[in-house]
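Beneath this line is the structure, given in structure tokens, with notes to follow.
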Number of protein chains: 2
Amino acid sequence: MATIKDVARLAGVSVSTVSRVINDNGYVNAETRKNVINAMENLGFRPSNIARGLVSGKTYTIGLVIPDISNPFFPDIARGVEDEAIANNYNVILCNSDWKVERETMYLSLLIEKRCEGVVLVGSHSEESDLLKVIGKMPFVSVDREMVHAGHSVWVDNEFGAYTATKHLYEEGYKRVVHISGPPSVRSANARLSGYKKAVREFNYHEPQIIESDFRTSGGYESALKVLEQQGDSRPDAIFAGNDLMAIGVIQACEKIGIKGGVDLGIVGFDGIGSSAYTSPSLTTIFQPGYEMGRRACHLLLDEIVNPGKRRIKEVFNFELLVRASTKWIK
Amino acid sequence: MATIKDVARLAGVSVSTVSRVINDNGYVNAETRKNVINAMENLGFRPSNIARGLVSGKTYTIGLVIPDISNPFFPDIARGVEDEAIANNYNVILCNSDWKVERETMYLSLLIEKRCEGVVLVGSHSEESDLLKVIGKMPFVSVDREMVHAGHSVWVDNEFGAYTATKHLYEEGYKRVVHISGPPSVRSANARLSGYKKAVREFNYHEPQIIESDFRTSGGYESALKVLEQQGDSRPDAIFAGNDLMAIGVIQACEKIGIKGGVDLGIVGFDGIGSSAYTSPSLTTIFQPGYEMGRRACHLLLDEIVNPGKRRIKEVFNFELLVRASTKWIK
DNA sequence: TGATAATGTGGAAACGTTACCACAATCTTA
DNA sequence: TAAGATTGTGGTAACGTTTCCACATTATCA
């Protein structure tokens, strides 16, 4: 790969002059500039951003640490982050942490060594103090989790969302709502759990009933089967699933045992993933504006990079209760 | 950020010695090593991979240029690429091209300037010759499109898949199959179109009937409405949609006008995205092994990086016809 | 017309590493 | 006990840029 020296030699000028042409600063004679540009084209010269980065200290790269890009809640966030990044000439390194603390740590270390200028951390799983230790002075924005001591944060009020979801079920006339929760190690899962409890206590038709699961369709399916095999008064007439994937599992379970979703069993999910609109019955859910959150998080990050340490920003995005067929007695 | 010099100074040794400790090569006295490690920890030292990259010429970074990560067919591919990359200590820069040639070109240029060691190009859209011009000598693997003159390629036989899908409809007893095609600028869309035509001609019940659309749910919805408003003999009893997203739109259109998917109208999609299993009726589709293709593509790329220029590999992955409720007269 | 400003160019240090070479001290071994 | 191997350490060029300084030449203006 041709270097700036090769270009200089071919154009018969000094390295400094070539640099001036590349960066379009300082004085360069029109004729000289033409020669240099010619030389660059002939050699297929591309400036090395890594050499540039070494002198400027800027890499124009940020990291995106996200649990799992193939989980349908996350691609929207990723797209938002990337759109905002490229609009500002930054690139994004994609890291799938699989909700594992060690992977998160490993990626963060790598990103630091690569001299990423910052990182968007989605659904981080680590203890905040541990996190801050590895992340050091690298700017970061947390999505889907509030950080207490550092960084900016952007999230949706999971507890209030879950409360709203559960309340909606009672208001639609369902009397006994079970919650299929996500893994307790995931913060948002816990917040949703406590939102559920709050609503249950408020309406006070029954005790909270919780089945712990794993945020996956299969987990939702199996949990629902377990719930629905109960007979008599204790059998619930509605399920609030900790996320849409599990809610889809609940729908599948209904089909399996011949129960009509919506009619015989109210179902609410969480996240508002695209496919929640296409299930049968279509899924009532709490929609989170993933794209906007991603985009905003990246914006805050780039802002922090340019203008560091001024303040810490926390933004709570509004969710939206999308009422669909899975919570309608009739249809 | 502390440098190797700071560490050397604090540990009272030379830069060379610190380098030896970092890379664990050459002779270092046990005592000295301990001091150096202490110094590194005290300073929170992290070696700069960008400085390393400058001398070694290696960045351990590859690019992933993909049309749109928030389109449900692509996250699996991305995950496959990233998994394989990180298993080999490589990072992945995510680039959303939105099927636009200029964006593809822009990203490729950026990746070259960042000295990425290679790129996985998904569903590339550019003329091959133009592509090769910008990509220069950077190793690459094309996914979902066969490259004729350079690079490795990994894809599924779209034409044969479409043929299989259409044939399946006739074999199930549908007599008149319309195709809602993807944008003609997308190669796989064209291949699917010609697979459809082939099957139509073979069975010869009717002329090919094609509606051009855009690979989006809304496009599928509108196209289906147009198709279904025809009355009489020319009204089709089945639709083969160019991808699952559009097929979902077809299902929505059925619901809208009170037609039973599967019974009154056979529907087949393409891709096998996760949510195709959860629609109502569940969607018959041609499944593409996205994760495996991504993983394999990345493997080929890393292989090429380590051991360049030996040969060109083309791999055609098998698709799978997933027969579900949308092509069953009864149920 | 002389002083100052504008224009044009090159040389070299610096960025943070690694890799090579040189040198010295200590250990083996015949 | 001398020759060679092993162990341990430091100095420095090189990687590909940018930036600063120095120097020349030409233009401007009072």
Side-chain angles (χ1 to χ4, degrees), chain A residues 1-37 39-40 43-61 109-117 136-138, chain B residues 1-37 39-40 43-61 109-117 136-138:
Chain A
M1 178 127 286
T3 74
I4 199 175
K5 278 186 197 163
D6 301 322
V7 176
R9 189 161 30 236
L10 184 61
V13 298
S14 74
V15 164
S16 317
T17 301
V18 179
S19 176
R20 266 179 237 116
V21 172
I22 295 171
N23 298 289
D24 205 22
N25 60 18
Y27 296 109
V28 181
N29 182 284
E31 190 70 16
T32 312
R33 159 170 289 117
K34 235 193 307 181
N35 292 336
V36 169
I37 289 176
M40 295 200 294
L43 293 170
F45 169 78
R46 299 261 133 200
S48 161
N49 278 348
I50 104 145
R52 284 175 157 184
L54 188 58
V55 4
S56 70
K58 288 196 69 67
T59 55
Y60 291 98
T61 306
S109 276
L110 258 177
L111 294 174
I112 291 173
E113 298 193 349
K114 280 221 155 79
R115 294 299 187 263
C116 279
E117 298 181 38
K137 313 193 66 56
M138 183 165 60
Chain B
M1 178 128 285
T3 75
I4 200 174
K5 277 186 195 162
D6 301 322
V7 175
R9 190 162 29 238
L10 184 60
V13 297
S14 74
V15 164
S16 317
T17 301
V18 178
S19 175
R20 265 178 237 118
V21 171
I22 295 170
N23 298 289
D24 206 22
N25 59 18
Y27 296 109
V28 180
N29 183 283
E31 190 69 18
T32 312
R33 159 170 286 117
K34 235 191 315 185
N35 291 337
V36 170
I37 289 176
M40 293 200 294
L43 293 170
F45 168 77
R46 299 259 136 199
S48 160
N49 280 348
I50 103 146
R52 283 175 158 184
L54 190 58
V55 5
S56 69
K58 287 195 70 66
T59 55
Y60 290 97
T61 306
S109 275
L110 258 177
L111 294 174
I112 290 172
E113 298 194 348
K114 281 222 154 79
R115 295 297 187 263
C116 279
E117 299 181 36
K137 311 194 63 58
M138 183 165 60

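Throughout, protein chains are lettered first and strands after them, A, B, ... in sequence-line order, and every chain is numbered starting at 1.
Atoms NZ (A/K5) and C1' (C/dG11) sit 13 Å apart, rounded to a whole Å. One interatomic measurement links the two molecules: CG of A/L54 to P of C/dT17, which rounds to 9 Å at whole-angstrom precision. Separating the CG atom of B/N35 from the C1' atom of D/dT9 is a distance of 14 Å, rounded to the nearest angstrom. Counting to the nearest Å, the C1' atom of C/dC15 and the CD1 atom of B/I4 are 13 Å from each other. Rounded to an integer number of Å, the gap from A/I50 CD1 to D/dT18 P is 13 Å. For the pair A/R46 CZ and D/dT17 P, the interatomic distance rounds to 12 Å; values are reported in whole Å. Straight-line distance from the CD atom of B/E113 to the C1' atom of D/dG16: 13 Å, rounded to whole Å. One can place OH of B/Y60 at 12 Å from P of C/dT18, the figure rounded to the nearest angstrom.
Rounded to 10 degrees, the angle separating the terminal helix axes of the helix from C/dT1-D/dA30 to C/dA30-D/dT1, each built from five base pairs, is 40°.
Residue A/R52 comes nearest to A/I22 through the heavy atom pair NH2-CG2, 3.0 Å, listed as atom of the first residue, atom of the second, then distance. Among all heavy-atom pairs drawn from B/R115 and A/P47, the shortest one is NH1-O, 3.7 Å. In terms of heavy atoms, B/M138 sits closest to B/C116 at SD-O, 3.7 Å.
In this structure, A/S48 does not reach the D/dG16 phosphate: none of its side-chain N or O atoms is under 4.0 Å from OP1 or OP2. In this model, the phosphate group of D/dG10 is approached by a side-chain N or O of B/T17 to a distance below 4.0 Å at OP1 or OP2.
The nucleotide whose nearest atom lies closest to any side-chain atom of B/P47 is, among C/dT17, D/dG16, D/dT18, C/dT17.
Panel note: side chain B/E117, backbone B/T59; a donor-acceptor pair is recorded below 3.5 Å. A donor-acceptor contact shorter than 3.5 Å links the side chain of A/D6 to the backbone of A/T3.
Under the side-chain hydrogen bond (donor to acceptor under 3.5 Å, both in side chains) criterion, A/S19 pairs with A/N23, sequence neighbours left out.
Sparse packing is recorded around NZ of A/K34, with 12 or fewer heavy atoms of other residues, nucleotides or ligands lying under 6.0 Å away. Taking a 6.0 Å sphere around OH of A/Y60, one finds it holds 12 or fewer heavy atoms contributed by other residues, nucleotides or ligands. Heavy-atom contacts from other residues, nucleotides or ligands closer than 6.0 Å to NZ of A/K137 number 12 or fewer.
A donor-acceptor contact under 3.5 Å is formed by the side chain of B/S16 with the base of D/dG11.
As judged by a 4.0 angstrom heavy-atom cut-off over every strand, B/V13 is placed among residues touching the sugar-phosphate backbone only.
Proximity of residues 18-33 of chain B to DNA chain C (heavy atom under 4.0 angstrom from any strand atom) is restricted to B/S19, B/N23.
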